[in-house]
There are 2 protein chains.
Amino acid sequence: MDTTIAKGLRLLNRIAHADAPVGVTAMAKEMGLEKSNVHRTLTTLMTLGYVQKDGATGRYGPTLKVWELGMKVVTRHPMVRAARPFMQMLHQQTQETIHLTILDGADCIYLDQIRAPVPVRSTPVPGHRVPAIFPASGRVQLAFQPNVEEIINVFRTSHPRGKEIKVAATLKEFATIRQQGVTFTESGWSTGINSIAGAIIGRDGFAAAAIAVCGPAERLTLERMEGLSEEVLNACTQAGDSLRGS
Amino acid sequence: MDTTIAKGLRLLNRIAHADAPVGVTAMAKEMGLEKSNVHRTLTTLMTLGYVQKDGATGRYGPTLKVWELGMKVVTRHPMVRAARPFMQMLHQQTQETIHLTILDGADCIYLDQIRAPVPVRSTPVPGHRVPAIFPASGRVQLAFQPNVEEIINVFRTSHPRGKEIKVAATLKEFATIRQQGVTFTESGWSTGINSIAGAIIGRDGFAAAAIAVCGPAERLTLERMEGLSEEVLNACTQAGDSLRGS
DNA sequence: GAACATAGTTCCAAATAATAGAACAAGTTC
DNA sequence: GAACTTGTTCTATTATTTGGAACTATGTTC
């Protein structure tokens, strides 16, 4: 195990997650390293172009190189490539915000989005993680997952609001979702925001991702969402075909 | 200089830039390292969660963790935060694709975008780099830069099409741009795509970023772009105020 | 404005982790 | 099934990272 790399990436992570540039001493204390060690490592990251030093304060912050690297990964991601055209279609039909999410353990990661001209407040941005049980796009994926109960339990033990989840009722609801192919939530993750989501099925027959239409409750009523079921299902099956075909 | 970190990040870069997972031997050869070295480093990156191994082929590819890290950087970026509301406004007014770009040396990086419901083909995606001299959003920033001539020369020597650039004419054009605050291009970077861009001026009085409206020539005619000058200027000054105010 | 903190930087001997290269295992190809 | 190629493991040697103290710069307090 290459501990030096671990240390370097840990520092880079720390810096990227900070809201403001961080000083050497603060980081050294926080991560249990020597000041000199942190300093040298930061200098390395700086010459490599991943970190920059704020001239005035002498503190360190991330550069866009980190982000550029990340964007390379996501634009090449097969799911993003497969889903994008069909997300675009849905957006054209609905004029609402469209999300693409994938499951990572018990979390749901927002992979890509097309924002509505008049967007919803506090919309999740690409890169965000939320517990998969809350939003429609997470639930629809869980419904098409082999080890659902296990994931539900992860969630029940790890999340503060986990105990509210009723296992039996949830499993029953998931069965319904599997039949319909889509699911709705009213104020699922953010209050006042409604959402309808469908699952993109991968080669293995399980959910590989989800596409969701998302908007304020006033505009995206339950009625309207029901009307959109077919469009969402369509987008998902086509994205799935495109994914499996490639 | 912490060479181990450099090696690790070089490998991560290599993997992230690849279109398909890469094998140990190929990388070792390409980067002048021993196979065993590459293997151990990859194993490290894997336990850290930045790299994953394709079960079938045994080759290595990047994980979304790299991307998540990058997204943290850009969503916290002061320019993105400052510009987004005004980009949204412009999008609402025009229904076209809106770009936010910043300058990095002689390059122009696409930082953020809002896609039109009916998008242009081959639109640059966030994370892309293009030579700043071609697109409107690059030119408008160059016009408000202290060391323009230097950058033009970098470009003339480094880019295959660099010799086409006439220095005197370009400088004169930049003077005009400085007066008008915006600039248009017809087929500037991609043929058939027109664009109008304005500069966001930073604390130092130079361009810190640019906002551009971008669309197919049929839809975004020169006439229409001229009509949009004021809106674009407005968005830029407001974004600038918001940036400097924070 | 002098003394005191606090943060960032430099240096070097000691400790430790990374390296090269060979050997082995597991597939592929012919 | 023999000859390649590719991925993986192992270990003595090598070279790099480490810790700690000393130094500098900056700014804070009285």
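The figures that follow rest on heavy atoms only: side chains count, while hydrogens, waters and symmetry mates do not. Chain naming here is simple, since letters A, B, ... match the order of the sequence lines and numbering starts at 1 in each.
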Task: A:His39 vs C:dG8: side-chain N/O to OP1/OP2 distance below 4.0 Å - done: no
Task: Exercise: do B:Lys7 and B:Thr41 side chains pair donor with acceptor under 3.5 Å - done: yes
TODO: Measure the distance from CD1 on B:Ile5 to P on C:dT19 and round it to the nearest whole Å.
DONE: 12 Å
TODO: Could you please spell out the steps behind the side chain to side chain contact (heavy atoms under 4.5 Å, CB included) verdict for B:Leu12 and B:Tyr50?
DONE: CA-CA 8 Å; B:Leu12 193 58; B:Tyr50 293 95; 4.0 Å; yes
Task: Earlier contact from the 5' end, DNA chain C, for A:Lys53 and B:Thr4 - done: A:Lys53
Open item on the list: Whether A:Tyr60 contacts C:dT9 is assessed here as follows: a side-chain N or O lying under 4.0 Å from the phosphate OP1 or OP2. Is that the case?
Closed with: yes
Open item on the list: Counting the atoms with a prime plus P, OP1 and OP2 as sugar-phosphate, which does B:Thr41 contact under 4.0 Å by heavy atoms, base, sugar-phosphate, or nothing?
Closed with: nothing
Open item on the list: So, does A:Thr3 get its side chain near the phosphate of C:dA18, meaning an N or O under 4.0 Å from OP1 or OP2?
Closed with: yes
Open item on the list: Enumerate the side chain to side chain donor-acceptor pair (under 3.5 Å) contacts for residues 68-82 of chain A, please, sequence neighbours excluded, ordered by first and then second residue.
Closed with: A:Glu68-B:Arg129, A:Arg76-B:Asp19
Open item on the list: Can you measure B:Leu11 atom CG to C:dT19 atom P for me and round it to whole angstrom units?
Closed with: 10 Å
- [ ] Would you confirm whether the ring centroid of B:Tyr110 sits within less than 6.0 angstrom of the ring centroid of B:His99?
- [x] yes
Task: For chain B, the stretch of DNA chain D it reaches, first to last nucleotide, under 4.0 Å of its heavy atoms - done: D:dT6 to D:dT17
TODO: Tell me what B:Ser36 touches on the nucleic acid: a base, only sugar-phosphate, or nothing, going by heavy atoms under 4.0 Å.
DONE: base
Open item on the list: Could you check whether any side-chain N or O of A:Arg115 sits under 3.5 Å from a backbone N or O of B:Gln113, counting only pairs where one atom can act as donor and the other as acceptor?
Closed with: yes
Task: Residue whose nearest DNA chain D nucleotide is more 5′ - B:Lys29 or B:Arg40 - done: B:Lys29
Task: Ionic contact status for A:Asp204 with A:Arg244, cut-off 4.0 Å - done: no
TODO: Determine the contact category for B:Lys7: base if any of its heavy atoms lies under 4.0 Å from a base atom, sugar-phosphate if only primed atoms, P, OP1 or OP2 are that close, otherwise nothing.
DONE: sugar-phosphate
TODO: Remember a base hit wins even if backbone is also touched, and classify B:Thr43 as base, sugar-phosphate or nothing at under 4.0 Å, heavy atoms.
DONE: nothing
Open item on the list: Using whole Å, what does the distance between atom P of nucleotide C:dA20 and atom CG of A:Asp2 come to?
Closed with: 12 Å
TODO: Report the distance from atom CG of B:Leu33 to atom P of C:dG21, rounded to the nearest whole Å.
DONE: 12 Å
Task: Base C:dG21 paired with B:Lys35 side chain (donor-acceptor, <3.5 Å) - done: no
Open item on the list: Check this for me, if you would: do A:Asp104 and B:Lys65 make a salt bridge, where the nitrogen-to-carboxylate-oxygen distance has to be below 4.0 angstrom?
Closed with: no
